[in-house]
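These numbers were taken from a predicted model, which means no experiment stands behind them. Just so you know, ligand 1 is whichever comes first in the structure, and atom 1 is the first atom listed for that ligand.
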Amino acid sequence: MVIPSSSDSLPNIVLTGFMGVGKTTVGMRVASSMRRPFVDTDDLIVKRQGKPIAQIFAEEGEPAFRALERSLAQELAQHRGLVIATGGGMLVDPDNRAKLGRSGIIVCLDASAMVIGQRLQGSDGRPLAHNWQQLYAARQQAYAAIEQHVSTDGRSVEEIAEEVIALWQNASR
Ligand code: S3P
């Protein structure tokens, strides 16, 4: 599957944050408001590998999935004008963070542990969801290294998307 090309060459908007914060939903809203192509990294990996994330983890292991993420980060960093929703672990890697950070603005969507717990309840298809509390704590430092944050607790998709767009506008001035 090819990465859609954008008609503008302005910086990308890259959304990250923990599983369940709403990166895909918010990203799709931001993309449609800004009339930009939307790329979801998990979705792209699934389409290219021809199997769900859980199956990639089960058959090839997490390191193989992280390698796919690294090569996708490298590839996406060559593009501009996109709205990108990353898998929750992709930008924990400082190298991926640096590469995509050079292509645009990275915005980390934040949610409290309580909200994450609710959103991940009964979540199948996320191979690391069973271990989320430990991961949530372990990743705080990596997410904190990202400059821009938007809180999602108790807010509508619309409100969150508007704040992301405002951050992008300020950063692109
Ligand atoms: C992961 C998050 C998932 C997916 C994979 C690993 C992680 O994406 O990339 O299961 O390490 O946090 P979402 O954040 O979209 O659930």
Inset, instruction - Around atom 16 (O) of ligand 1, find the nearest protein heavy atom and jot down its residue, atom name and distance. - result: Arg126 NE, 2.6 Å

Inset, instruction - Looking only at distances, please establish whether an N/O atom of ligand 1 is found under 3.5 Å from an N/O atom of Arg66. - result: yes

Inset, instruction - Return yes when Arg139 approaches ligand 1 closer than 4.0 angstrom through a heavy atom, no otherwise. - result: yes

Inset, instruction - State, with a plain yes or no, whether a side-chain heavy atom of Ile165 is found less than 4.5 Å away from one of Ser33. - result: yes

Legend entry - Taking atom 10 (O) of ligand 1 as the reference point, the nearest protein heavy atom with its distance: Pro127 CD, 3.4 Å

Inset, instruction - Do me a favour and list the nearest non-hydrogen protein atom to atom 14 (O) of ligand 1 with residue, atom name and distance? - result: Lys23 NZ, 2.7 Å

Inset, instruction - Provide the number and element of each atom of ligand 1 under 4.0 Å from a heavy atom of Ile53. - result: 5 (C), 10 (O)

Inset, instruction - Kindly assign one of parallel, tilted or perpendicular to the pair Phe18 and Tyr143, based on the angle between their ring planes and the thresholds 30° and 60°. - result: perpendicular

Legend entry - Numbered atoms of ligand 1 (with element) below 4.0 Å of Gly87, judged on heavy atoms: 8 (O), 9 (O), 14 (O)

Legend entry - Within-4.5 Å side-chain heavy-atom neighbours: Met34 and Asp8: no

Legend entry - Nearest heavy atoms of Gly20 and Arg126, plus distance in Å: N-NH2, 3.6 Å

Legend entry - Contact partition for Thr41 relative to ligand 1, non-hydrogen atoms under 4.0 Å: neither

Inset, instruction - Specify the closest pair of heavy atoms between Ile116 and Met19, including all atoms of both residues, with the distance to one decimal. - result: CD1-O, 3.5 Å

Inset, instruction - Return a yes/no value for Gly89: is any of its N or O atoms, backbone included, closer than 3.5 angstrom to an N or O of ligand 1? - result: yes

Inset, instruction - Please test Asp93 against Glu69 for side chain to side chain contact (heavy atoms under 4.5 Å, CB included), starting from the C-alpha separation and ending with a verdict. - result: CA-CA 10 Å; Asp93 178 328; Glu69 283 191 317; over 6 Å; no

Legend entry - Close side-chain approach of Ile3 to Gln78, heavy-atom, < 4.5 Å: no

Inset, instruction - List every atom of ligand 1 that sits less than 4.0 Å from any heavy atom of Asp42, numbering the atoms from 1 in the order shown and giving each element. - result: 3 (C), 4 (C), 8 (O), 9 (O), 13 (P), 15 (O)

Inset, instruction - Please say whether Gly88 places an N or O atom under 3.5 Å from an N or O atom belonging to ligand 1. - result: yes

Legend entry - Gln134 side-chain N/O to Asn131 backbone N/O, donor-acceptor pair under 3.5 Å: no

